[in-house]
Amino acid sequence: MPLPNLEAVAEKIRRAPRLTILTGAGVSAASGVPTFRGEQGLWRQFRPEDLANIEAFRRDPVLVWEWYAWRRERTATCQPNVAHEVLARWSQRKGCAVVTQNVDDLHIRAGTRHLTRLHGSLWELRCASAARHGAGRAGSNRASCEHSWRDERVPLPEIPPRCPRCGELARPDIVWFGETLRQEDVKAATAAARCDLFITAGTSALVHPAAGLVHEARRAGAVTVEINPEATPVSSVVDHVLAGPAEEILPALDLLSRS
Ligand code: APR
């Protein structure tokens with residue numbers, strides 16, 4: 001049974017001069033990347049406090065890296081799905097921006113342009129001596145080395161990996177709990193939220209500042225839409241709820257908005 005407001009949203013997609021899409025783990029679910037809080041979600045199996053913060057990394061960098069190595073191995077076998085492909089196509093159009101919380105880089109692999117990655121990438125590393133994201137330096141009092149690099153090798157040759165420039169421990173270039181996002185990413189995401197049509201897809205809308213973008217969009221007068229098979233804290237706030245999987249709803253919207 002087609003969703004009642006699918007046509008109305010497709011019409012808005014057709015007409016909106018500035019269109020922004022915020023994505024979360026749900027958009028990669030159909031590619032086989034586990035979500036965080038869903039049934040088989042990562043935070044159901046593992047404790048974020050043991051793995052995704054600077055204290056855990058200082059305590060046991062091997063444990064943290066073994067977990068990220070496992071996630072890299074799992075994600076390396078995943079391909080962008082039709083939801084990523086639709087968003088990649090939309091991102092070619094003037095005035096369209098994609099903001100993601102995902103660290104799997106499937107949006108990049110699908111060819112998405114004007115992409116802001118709020119939480120970093122599984123495939124990027126940086127020297128752990130660098131004091132970024134508000135976290136203190138990892139102990140030594142040498143000048144911090146700001147080196148960061150991309151490494152898609154699976155498996156990584158060495159766990160924990162080391163900074164190729166200074167030899168210090170390396171860490172995933174991912175925003176951990178308790179850390180602040182890069183200012184330039186927050187600025188880009190906030191600017192993108194000030195649009196005509198704001199679609200949030202596949203996120204539980206629990207983690208800030210990403211979860212605040214829909215309110216930023218509303219304040220800017222944007223029409224807001226949520227795509228999610230389940231209700232979230234913003235379902236009662238948005239103008240249109242499209243209750244279903246992104247890999248079904250986005251291609252349907254794409255088709256309707258092009259006809
Ligand atoms: N299509 C659309 N939405 C889906 C689908 C699907 N096929 N499958 C699941 N969902 C929805 C779930 O109902 C849930 O609301 O996607 C959401 C996934 O929520 P989370 O697992 O909490 O992921 P996300 O919102 O991206 O998490 C935000 O939290 O753990 C941190 O840094 C991590 O970026 C992450 C942030």
Side-chain angles (χ1 to χ4, degrees), residues 3 6 9 21-54 56-57 64 67-68 71-72 74-75 78-87 98-107 110 115-124 133-135 171-182 185-186 189 199-214 225-238 240-254:
L3 292 166
L6 204 63
V9 173
I21 307 97
L22 169 69
T23 67
V27 166
S28 294
S31 298
V33 180
T35 66
F36 292 91
R37 295 168 188 83
E39 223 157 278
Q40 305 296 323
L42 292 170
W43 299 148
R44 298 279 179 107
Q45 305 170 51
F46 308 97
R47 291 171 1 121
E49 56 274 27
D50 294 340
L51 295 162
N53 62 70
I54 192 73
F57 180 75
V64 171
W67 187 62
Y68 278 98
R71 286 181 62 190
R72 286 166 55 103
R74 235 188 112 175
T75 307
C78 300
Q79 302 303 325
N81 66 66
V82 62
H84 297 107
E85 288 155 15
V86 167
L87 295 178
V98 179
V99 178
T100 191
Q101 300 166 84
N102 299 347
V103 295
D104 55 36
D105 283 356
L106 291 179
H107 283 303
L115 176 69
T116 301
R117 297 177 298 170
L118 290 174
H119 297 164
S121 167
L122 272 174
W123 309 108
E124 286 165 20
H133 300 303
R171 57 164 282 176
D173 201 357
I174 284 180
V175 181
W176 281 333
F177 291 101
E179 295 186 329
T180 51
L181 280 62
R182 264 183 254 257
D185 297 333
V186 175
I199 300 178
T200 172
T203 179
S204 56
L206 294 170
V207 175
H208 287 266
L213 292 172
V214 68
V225 177
E226 180 182 55
I227 299 174
N228 195 319
E230 291 170 20
T232 74
V234 302
S235 304
S236 57
V237 167
V238 294
H240 300 277
V241 171
L242 299 175
E247 65 275 14
E248 288 175 19
I249 293 181
L250 284 169
L253 284 172
D254 185 47

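Everything quoted here is computed from the prediction, not taken from an experiment. Atoms within each ligand, like the ligands themselves, are counted from 1 in listed order.
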If you measure every N or O of Ala29 against every N or O of ligand 1, does any of those distances drop under 3.5 Å? no

Quick note on ligand 1: atoms under 4.0 Å from a heavy atom of Gly24 include exactly 26 (O)

Backbone N/O of Gly202 and side chain of Asn228: donor-acceptor pair under 3.5 Å: no

Of the backbone atoms (N, CA, C, O) and the side-chain heavy atoms from C-beta on, which set of Val207 has a member under 4.0 Å from an atom of ligand 1: side chain, backbone, both, or neither? side chain

May I ask you to identify the nearest protein heavy atom to atom 11 (C) of ligand 1, giving residue, atom name and distance to one decimal place in Å? Asn228 OD1, 3.4 Å

Nearest protein heavy atom with distance in Å, relative to atom 10 (N) of ligand 1: Gly26 CA, 3.6 Å

Whether Pro229 lies under 4.0 Å from ligand 1, heavy atom: yes

Under 4.0 Å between heavy atoms, the region of His119 that gets near ligand 1 turns out to be side chain

Give yes if a backbone or side-chain nitrogen or oxygen of Thr232 is under 3.5 Å from a nitrogen or oxygen of ligand 1, and no if not. no

Distance from atom 7 (N) of ligand 1 to nearest protein heavy atom, with residue and atom: Glu247 OE1, 3.0 Å

Does the plane of the ring in Trp176 sit parallel, tilted or perpendicular to the ring in Tyr68? Use 30° and 60° as the thresholds. tilted

Can you sort out which atoms of ligand 1 are near Pro245, meaning under 4.0 Å from one of its heavy atoms? 1 (N), 6 (C), 7 (N)

Determine whether the side chains of His107 and Ser28 contain a donor N or O and an acceptor N or O closer than 3.5 Å. no

Is the shortest N/O to N/O distance between Phe177 and ligand 1 below 3.5 Å? no

Is the shortest distance from a Lys or Arg side-chain nitrogen in Arg37 or Glu230 to a carboxylate oxygen in the other one below 4.0 Å? no

Using a strict 4.0 Å threshold on nitrogen-to-oxygen distance, state whether Glu179 and Arg171 make a salt bridge. yes

Is there a polar contact between ligand 1 and Thr203, counting only N or O atoms under 3.5 Å apart? yes

Checking side-chain polar atoms at under 3.5 Å, does Ser121 have a donor or acceptor matched by the opposite partner on Asp105? yes

Do Thr116 and Asp185 meet the criterion of a side-chain donor-acceptor pair at a distance under 3.5 Å? no

Number the atoms of ligand 1 from 1 as they appear, then name those within less than 4.0 Å of a heavy atom of Gly202, with their elements. 2 (C), 3 (N), 16 (O), 17 (C), 18 (C)

Which residue supplies the protein heavy atom nearest to atom 26 (O) of ligand 1, what is that atom called, and how far is it? Ala25 N, 2.8 Å

Hey, does Leu206 sit under 4.0 Å from ligand 1 if you only count heavy atoms? no

Considering non-hydrogen atoms of the protein only, which is the closest contact for atom 27 (O) of ligand 1, and what is the distance? Arg37 NH1, 3.1 Å

If you have a sec, work out which protein heavy atom is nearest atom 1 (N) of ligand 1 and how many Å separate them, to one decimal? Ala246 N, 2.8 Å

